[in-house]
Amino acid sequence: FLRKQMESIRKELGEDDASVVEEYRTKIEEAGMPEHAREQAEKELGRLERMGEQSAESTVIRTYLDWLIAVPWSKRSDERLDPAGAREQLDADHAGLEDVKDRIVEYIAVKKLRQERGIDEDKRSGAILTLIGPPGTGKTSIGESIAKATGREFVRMSLGGVRDEAEIRGHRRTYIGALPGRLVRALRDAGTMNPVIMLDEVDKVGADWRGDPSAALLEVLDPAQNHSFRDHYLDVELDLSQVLFIATANIADTIPGPLLDRMEVIRFDGYTTSEKVAIARGYLWPRQVERNGLKPEEVTVSDEILTAVATEYTREAGVRQLERELGTLLRKTATRIASGEAQPPVVIDLDAVRDALGRQKHFQESAIRTAVPGVATGLAVTGAGGDVLFVEATAMQGKPGLTLTGQLGDVMKESGQIALSYVRGHADELGIEPSAFEDHSFHIHVPAGAIPKDGPSAGVTMVTALASLLSRRAVKHTAGMTGEVTLQGRVLPIGGVKQKVLAAHAAGLTDVVLPERNRGDLDDVPQEVRDAMKFHFAMTIDEVLGAALEPAPLRSAA
């Protein structure tokens with residue numbers, strides 16, 4: 001009797017179950033779901049109709065239906081398939097990055113031809129681009145430019161520190177507080193089925209007892225599988241083949257192999273000084289002028305001053321620190337104008353730079369460091385880009401042995417052992433007295449000692465440092481080198497050539513010794529850097545030493 005009364009009251013208020021069910025039925029009709037999703041929605045709606053609003057499970061079903069309707073099943077952005085226009089947009093937003101721009105233009109051109117010629121859209125034609133490079137090189141910001149150039153919606157998903165597989169695939173509906181995964185939420189936020197989704201920091205995905213998110217990403221990022229992606233919460237197939245996925249990472253080493261295999265890698269290797277100045281002039285300076293409350297005509301700066309800031313106050317592959325330094329410079333200028341100390345227009349000169357940013361932070365120190373035998377200049381790649389590495393060697397009276405310091409990894413320690421064995425085994429050819437090894441222990445140190453280092457590419461540098469020490473021939477202060485070495489003295493190829501060459505150029509080196517098999521990698525290095533440097537390609541250690549060591553030994557103090 002009470003239930004009948006409740007029903008009549010609900011009807012009078014317009015809140016009866018029938019109206020709720022009809023509302024959902026209308027929404028399902030309008031959602032444009034594919035057949036399999038619609039069947040699932042109608043099945044759940046039937047359950048809701050049978051059990052009524054009083055049931056404890058009705059809220060769960062309504063939440064599920066809300067999510068199913070929120071997916072933009074039939075909505076797609078109208079793409080602008082104009083390769084020339086897209087190139088103009090990308091060039092306007094970013095300087096350099098030719099490889100990425102070319103790949104996006106190719107993607108748009110192929111899609112345009114397929115559409116014009118009526119070729120059926122292949123479910124497996126989705127593109128998964130992965131931009132790998134140091135911080136501050138513009139990986140994340142280019143995603144927005146790509147979305148703008150193609151006329152798609154843009155959604156960013158940060159994967160840094162994600163450890164739960166349910167973040168990707170969603171929770172099962174049986175759990176309290178269950179939610180769909182981030183991909184379903186990204187599609188809902190975009191409002192279309194063909195957005196640009198940026199998977200930021202894919203190399204920093206973790207794994208623990210809650211599952212491995214990188215393994216869950218395998219299905220998402222595989223063009224052969226993602227047309228039928230199944231979220232645990234929705235439990236219906238979702239077509240992700242129309243999505244343009246762009247992943248970003250700082251280093252490729254920490255991305256699991258099977259995941260990396262599904263990605264199309266484009267490397268960002270950093271900028272030359274002239275590119276940094278062009279970026280500062282066209283993008284960073286105008287942005288910082290506006291952020292600091294100034295007008296463009298109130299403050300001016302020359303390219304020479306921008307070059308000085310880029311080379312003397314930053315040593316990075318990207319431009320993030322450069323933008324911070326320019327921001328500091330403009331804040332000081334804004335303070336002077338606001339307090340009446342200076343009247344616009346203000347011209348930034350070197351004195352103003354020194355006053356705002358302090359003393360010079362980076363120096364070209366290879367000439368000082370390599371002035372004595374036993375110090376060689378190596379080239380390395382870190383998570384922040386290329387860097388110059390000094391390897392120091394010394395010999396002491398005592399029990400024969402080798403000490404290695406500088407927080408070296410196992411591979412680098414092995415390179416030190418190989419270097420000593422090679423130099424001992426070829427002492428005659430190198431002009432070293434055999435007695436130099438008797439009752440002597442050797443110590444190899446790689447500053448900076450507080451930074452962990454590993455990798456095989458310091459092998460030739462360690463051999464050169466020991467050969468320089470024992471033959472008393474100093475290493476040329478203009479020379480930097482990289483390469484893996486074998487016990488037979490062969491020089492093997494290494495990776496990161498472009499980043500290493502850019503670091504050598506920034507450090508003022510003009511001679512670079514590279515493995516012969518890396519000769520082809522020089523094509524990636526900007527022409528202006530190649531013109532400013534001399535490259536020596538080596539197959540054996542003899543060729544490395546011939547290019548790196550001074551011809552005559554230094555006289556001893558005696």
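All values below come from the heavy atoms of this structure, side chains included, with hydrogens, waters and symmetry mates left out. Along the sequence shown, residues are numbered consecutively beginning with 1.
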For the student: nearest non-hydrogen atoms of [X] and [Y], plus distance:
{"X": "A86", "Y": "I108", "result": "CB-CD1, 3.4 Å"}
{"X": "G416", "Y": "L404", "result": "CA-CD2, 4.1 Å"}
{"X": "V202", "Y": "A249", "result": "CG1-CB, 4.1 Å"}
{"X": "G138", "Y": "Y271", "result": "N-OH, 4.5 Å"}
{"X": "T272", "Y": "P526", "result": "CG2-CG, 3.6 Å"}
{"X": "I168", "Y": "F229", "result": "O-CZ, 3.9 Å"}

Any chance you could measure [X], atom [atom1], to [Y], atom [atom2], to the nearest 0.5 Å?
{"X": "L199", "Y": "I197", "atom1": "CG", "atom2": "CD1", "value": "7.0 Å"}
{"X": "F268", "Y": "K498", "atom1": "CZ", "atom2": "NZ", "value": "10.0 Å"}
{"X": "R169", "Y": "L217", "atom1": "CZ", "atom2": "CG", "value": "9.0 Å"}
{"X": "R182", "Y": "D164", "atom1": "CZ", "atom2": "CG", "value": "10.0 Å"}
{"X": "L183", "Y": "E219", "atom1": "CG", "atom2": "CD", "value": "10.0 Å"}
{"X": "I255", "Y": "R262", "atom1": "CD1", "atom2": "CZ", "value": "13.5 Å"}

Task: Full working for salt bridge (charged side-chain N to carboxylate O under 4.0 Å, His left out) between R172 and D235 - done: CA-CA 9 Å; R172 304 262 178 208; D235 202 27; 5.4 Å; no

Taking 4.0 angstrom as the limit, do [X] and [Y] come out as a salt bridge?
{"X": "R315", "Y": "D387", "answer": "no"}
{"X": "D93", "Y": "K148", "answer": "yes"}
{"X": "E290", "Y": "R287", "answer": "no"}
{"X": "R490", "Y": "E484", "answer": "no"}
{"X": "K111", "Y": "E79", "answer": "yes"}
{"X": "E98", "Y": "R87", "answer": "yes"}

Task: Minimum side-chain heavy-atom gap S415-V485 below 4.5 Å - done: no

With a 3.5 Å distance limit and no angle check, can you tell me whether [X] reaches the backbone of [Y] through a side-chain donor-acceptor pair?
{"X": "N194", "Y": "Q242", "answer": "no"}
{"X": "R267", "Y": "G133", "answer": "no"}
{"X": "H536", "Y": "V512", "answer": "no"}
{"X": "D82", "Y": "G85", "answer": "yes"}
{"X": "T150", "Y": "I146", "answer": "yes"}
{"X": "R530", "Y": "V525", "answer": "yes"}

Under the side chain to side chain contact (heavy atoms under 4.5 Å, CB included) test, residues paired with [X] that sit two or more places apart:
{"X": "A92", "value": "none"}
{"X": "P286", "value": "none"}
{"X": "V411", "value": "D454, P456"}
{"X": "R103", "value": "E106, Y107, A127, L129, E264, I266"}

- [ ] Test D511 against K534 for salt bridge (charged side-chain N to carboxylate O under 4.0 Å, His left out), laying out the working first.
- [x] CA-CA 5 Å; D511 292 88; K534 189 177 179 185; 5.2 Å; no

Open item on the list: Does either side chain, that of S145 or that of Q89, offer a donor lying less than 3.5 Å from an acceptor on the other one?
Closed with: no

TODO: Indicate whether the side chain of K500 and that of S457 have a donor and an acceptor atom separated by less than 3.5 Å.
DONE: yes

Other residues, nucleotides, ligands: >12 heavy atoms within 6.0 Å of [X] [atom1]:
{"X": "R517", "atom1": "CZ", "result": "no"}
{"X": "D523", "atom1": "CG", "result": "yes"}
{"X": "H505", "atom1": "NE2", "result": "yes"}
{"X": "D410", "atom1": "CG", "result": "no"}

Task: Contacts of E201 that satisfy salt bridge (charged side-chain N to carboxylate O under 4.0 Å, His left out) - sequence neighbours left out - done: K204

Name each donor-acceptor pair under 3.5 Å that joins a side chain in residues 153-160 to protein atoms two or more places apart or in another chain, with its distance.
unit_1: R156; atom_1: NE; unit_2: D200; atom_2: OD2; d: 2.6
unit_1: R156; atom_1: NH2; unit_2: D200; atom_2: OD2; d: 3.1

